[in-house]
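One is the number of the first residue; the rest follow in order along the sequence.
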Amino acid sequence: MATHDVTFWFDFGSPYAYFAHRRLPAFEKATGAHVISKPFMLGSAFAQTGARPLLDIPLKAAYAKIDLARLARFYDVPFQMPPNAPTVTLAAARIFYGLNATDPAAATTFAKAVFDAAFATGQDVSEQAVVKACLRESGLDEELAAMAQEPEWKQALKDAGAKATESGVFGAPFFVHDGEPFWGVERMDMLIAKLGPVS
């Protein structure tokens, strides 16, 4: 039985969030945590902090190329950067909220499909055809892609961005437990240590 609630803030366009998402099953098993997934647009955080996408800054982009390949080896997961990264992932995030409202398990499966499409195989998840393929891969009707244009889920994503800022979120992946922030995939180990093993 879950003993902790941990909020996981992420952007489907973040390669570092991809690695964190890949670690979630082991994280939950180790801690008994109940992870509450919350996609948001990093752009909303950047607007507050004045930051820019990592790949838009040449020195950081060069480092990230090395670092991401290193993380893929370290965590032993497939990795391929989409050629047009950073990718705007509004549709996938809106659909996630639409699915999560009635079937959280389907939303979780869809999230994995989107992350894998983006960073395991390097596809452009801003393309509707790719989003529909992710829905099919998740065992869902591709017509659910229409949720990306529904006002309710557009607003849900906007509200998530506002909540993220209110919670002090400025990057991805970002975890919050009991008001304490943890930024970055490597900080998951610190969070595991804080939460302790399943009793």
S.K.: Tell me, do W183 and V169 make a side-chain contact under 4.5 Å, heavy atoms counted?
M.R.: no
S.K.: Apply side-chain contact (heavy atoms from CB on, under 4.5 Å) to residues F174 and F182 and explain how you reach the verdict.
M.R.: CA-CA 6 Å; F174 205 103; F182 296 81; over 6 Å; no
S.K.: With a 3.5 Å distance limit and no angle check, can you tell me whether D103 reaches the backbone of A106 through a side-chain donor-acceptor pair?
M.R.: yes
S.K.: Can you tell me how far CG of L144 sits from CD of E142, rounded to the nearest 0.5 angstrom?
M.R.: 9.5 Å
S.K.: What orientation do F115 and H21 show, parallel under 30°, tilted 30 to 60°, or perpendicular over 60°?
M.R.: tilted
S.K.: Answer yes if V6 and M190 sit in the same cluster of Ile, Leu, Val, Met, Phe, Trp and Tyr residues linked by side chain heavy atoms under 4.5 Å apart, and no otherwise.
M.R.: yes
S.K.: If you measure from the Lys or Arg side-chain nitrogens to the Asp or Glu carboxylate oxygens, is any gap between D141 and R136 under 4.0 Å?
M.R.: no
S.K.: Any idea which heavy atoms bring H34 and D5 closest together, and the distance?
M.R.: ND1-OD1, 3.1 Å
S.K.: What is the distance from atom OH of Y63 to atom CG of L68, rounded to the nearest 0.5 Å?
M.R.: 9.0 Å
S.K.: Mark yes or no for whether R94, through its side chain, and L157, through its backbone, hold a donor-acceptor pair below 3.5 Å.
M.R.: no
S.K.: State, yes or no, whether a side-chain contact exists between F12 and L42 at a heavy-atom distance under 4.5 Å.
M.R.: no
S.K.: A side-chain contact here means heavy atoms from C-beta on lying under 4.5 Å apart; do K38 and I36 qualify?
M.R.: yes
S.K.: Rounded to the nearest 0.5 Å, how far apart are CZ of R70 and NZ of K65?
M.R.: 14.0 Å
S.K.: Heavy atoms, side chains only, cut-off 4.5 Å: are D67 and Y16 in contact?
M.R.: yes
S.K.: Using a 4.5 Å cut-off on heavy atoms from C-beta on, say whether the side chain of D189 contacts that of R23.
M.R.: yes
S.K.: Measuring from atom CZ of F27 to atom CZ of F175, what distance do you get when rounded to the nearest 0.5 angstrom?
M.R.: 6.0 Å
S.K.: Does either side chain, that of H177 or that of K194, offer a donor lying less than 3.5 Å from an acceptor on the other one?
M.R.: yes
S.K.: In Å and rounded to the nearest 0.5 Å, what is the CG to NZ distance from L24 to K29?
M.R.: 15.0 Å
S.K.: Could you grab the distance from atom CG of L99 to atom OG1 of T102, nearest 0.5 Å is fine?
M.R.: 6.5 Å
S.K.: Got a sec, which pairs hit ring pair (Phe, Tyr, Trp, His ring centres under 6.0 Å) with one end in residues 74-96, sequence neighbours left out?
M.R.: F19-F79
S.K.: Using the side chain to side chain donor-acceptor pair (under 3.5 Å) criterion, which residues pair with Q128? Sequence neighbours excluded.
M.R.: none
S.K.: Nearest heavy-atom pair of A145 and I95: which atoms, and what distance?
M.R.: CA-CD1, 3.7 Å
S.K.: Would you say that R22 contacts P78 through its side chain, given a criterion of any heavy-atom pair below 4.5 Å between the two side chains?
M.R.: yes
S.K.: May I ask you to test the M81-F119 pair for a side-chain heavy-atom distance under 4.5 Å?
M.R.: yes
S.K.: So does F10 get a backbone contact from the side chain of S14, meaning a donor-acceptor N/O pair under 3.5 Å?
M.R.: no
S.K.: Side-chain contact test, heavy atoms from C-beta onward, threshold under 4.5 Å: evaluate it for P82 versus Q123 and give yes or no.
M.R.: no
S.K.: For K112 and T108, run side-chain contact (heavy atoms from CB on, under 4.5 Å): C-alpha distance rounded to whole Å, both residues' side-chain angles, the deciding distance at 0.1 Å, then the answer.
M.R.: CA-CA 6 Å; K112 182 181 186 304; T108 297; over 6 Å; no
S.K.: Which heavy atom in P39 sits nearest to a heavy atom in A160, and how many Å separate them?
M.R.: O-CB, 3.7 Å
S.K.: Would you name the heavy atoms of W9 and A172 that are closest together and state the gap between them?
M.R.: O-CB, 4.3 Å
S.K.: Would D11 and T89 count as having a side-chain donor-acceptor pair, cut-off 3.5 Å?
M.R.: yes
S.K.: Going by side chain to side chain contact (heavy atoms under 4.5 Å, CB included), name the residues that satisfy it together with Q155, two or more places apart in sequence or in a different chain.
M.R.: K158, D159
